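One structure below.
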Amino acid sequence: MKKWLIFLGGTVTGIVLTILFAVVVNSLREGKDNNGGTSELVEKPSLKDDIKLFDEPGDIIKENSLKVFQVLTDHTALVRNINSYVGTVYLITNKDNEYYYDNQEIDIPKNKEIRQIGIYRYPTQNDVIKTVPIIMIMDK
């Protein structure tokens, strides 16, 4: 009988502590809400506000294949080297109205090259401002 009371007491204590932990975690998440706890939508700035294009194409980027990890608009996406999760991030755009999708692998044809055509500034989820090259695949 004594063992059952100890087991029951431990079970009840575990349930109470789990509920207490869930309440604390939930209150911490609500405290990080950037909208002051309201569900009101905040309009994001336009992608064009954070883009600076060069007058002439710049440096050649020596990458053979890229992988899309975030699509921003139909014709722009954030990409990086297909074999790296920590390499340089690029914003790829095109003039051929090609659509991008998540996890798309982009191979660069032999008669084409990647050129930097500008820079793009954007905030991360942690509100850190990142600046990345804007690239385009073009004829050599």
Side-chain angles (χ1 to χ4, degrees):
M1 182 73 168
K2 187 177 179 182
K3 290 181 181 178
W4 278 101
L5 288 175
I6 292 173
F7 174 76
L8 185 62
T11 303
V12 170
T13 302
I15 292 170
V16 169
L17 288 175
T18 301
I19 292 171
L20 182 63
F21 178 75
V23 168
V24 169
V25 168
N26 190 37
S27 67
L28 289 175
R29 285 187 178 168
E30 287 178 4
K32 289 184 179 180
D33 188 3
N34 292 333
N35 295 334
T38 65
S39 61
E40 185 178 319
L41 294 176
V42 176
E43 190 173 320
K44 290 177 73 174
S46 168
L47 182 65
K48 293 179 183 177
D49 295 340
D50 300 318
I51 288 180
K52 178 176 180 359
L53 296 176
F54 301 153
D55 294 332
E56 298 281 328
D59 296 337
I60 296 173
I61 307 296
K62 299 197 183 296
E63 299 282 358
N64 296 325
S65 55
L66 302 166
K67 186 169 187 172
V68 174
F69 68 90
Q70 184 177 3
V71 176
L72 301 179
T73 67
D74 287 341
H75 307 292
T76 64
L78 292 173
V79 297
R80 65 169 48 107
N81 182 300
I82 198 165
N83 298 319
S84 174
Y85 288 102
V86 294
T88 302
V89 173
Y90 305 100
L91 175 74
I92 190 167
T93 187
N94 65 70
K95 58 185 172 192
D96 300 327
N97 291 328
E98 180 179 333
Y99 291 90
Y100 295 111
Y101 55 90
D102 291 338
N103 294 319
Q104 178 182 3
E105 295 179 6
I106 303 168
D107 291 322
I108 312 307
K110 296 282 186 203
N111 61 340
K112 304 265 186 176
E113 64 186 5
I114 302 173
R115 299 287 298 260
Q116 182 178 357
I117 62 167
I119 57 171
Y120 171 58
R121 293 176 51 112
Y122 68 97
T124 64
Q125 290 180 342
N126 299 328
D127 291 328
V128 175
I129 301 296
K130 296 283 188 175
T131 304
V132 298
I134 301 172
I135 60 172
M136 182 181 283
I137 301 171
M138 51 183 60
D139 295 329
K140 287 187 177 183

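For clarity, every value in this text was computed on a predicted model and none was experimentally measured. All residue numbers in this chain count up from 1 along the given sequence. Side chains are part of it too, since the values below use all heavy atoms of this structure and drop only hydrogens, waters and symmetry mates.
Counting only heavy atoms from C-beta outward, the side chains of Leu66 and Ile135 approach each other to under 4.5 Å. Within the 4.5 Å cutoff, the side chain of Thr76 has heavy atoms near those of the Thr93 side chain. Looking at heavy atoms from C-beta onward, Ile137 lies in side-chain contact with Ile92 at the 4.5 angstrom threshold.
The environment of CG in Asp55 is sparse: at most 12 heavy-atom neighbours from other residues, nucleotides or ligands sit within 6.0 Å.
No continuous path of hydrophobic side-chain contacts links Val71 to Ile134 [ILVMFWY only; heavy atoms under 4.5 Å]. Linking ILVMFWY side-chain heavy atoms closer than 4.5 Å, directly or via other members, places Leu78 and Ile51 in a single hydrophobic cluster. Under a hydrophobic clustering in which Ile, Leu, Val, Met, Phe, Trp and Tyr are joined whenever their side-chain heavy atoms come within less than 4.5 Å, directly or via other members, Tyr90 and Val68 fall into the same cluster. Note on Tyr100 and Leu91: separate hydrophobic clusters, where clusters join Ile, Leu, Val, Met, Phe, Trp and Tyr whose side-chain heavy atoms are under 4.5 Å apart, directly or indirectly. Leu72 and Val79 are members of different hydrophobic clusters when ILVMFWY side chains are connected at heavy-atom separations under 4.5 Å.
A donor-acceptor pair under 3.5 Å is formed between the side chain of Arg115 and the backbone N or O of Gly58.
In this model, a donor atom of one side chain and an acceptor atom of the other lie less than 3.5 Å apart for Glu63 and Asn81.
Note on ring orientation: taking the six-membered ring where Trp is involved, the planes of Tyr120 and Tyr122 are parallel (angle under 30°, cut-offs 30° and 60°).
Rounding to the nearest 0.5 Å places CD1 of Ile114 at 10.5 Å from CE of Met138. Atoms CG and NZ, from Asn64 and Lys110 in turn, are 6.5 Å apart once rounded to the nearest 0.5 Å. Taking CG of Asp50 as the start and CD1 of Ile129 as the end, the distance is 7.5 Å to the nearest 0.5 Å. If you take OG1 on Thr88 and CZ on Arg80, they are separated by 9.5 Å, rounding to the nearest 0.5 Å. Taking OG1 of Thr13 as the reference point, atom CG of Leu8 lies at 9.0 Å (rounded to 0.5 Å). Summarising the geometry, atom CD1 belonging to Ile108 is positioned 7.5 Å from atom OG belonging to Ser65; distances are rounded to the nearest 0.5 Å.
Counting all heavy atoms, side chain and backbone alike, Asp102 lies closest to Gln70 at OD1-CA, 4.0 Å.
Checked against the 6.0 Å centroid criterion, the rings of His75 and Tyr99 qualify as a close aromatic pair.
Residue pairs that meet the side-chain hydrogen bond (donor to acceptor under 3.5 Å, both in side chains) test with at least one member in residues 130-140, sequence neighbours left out, are Lys112-Asp139.
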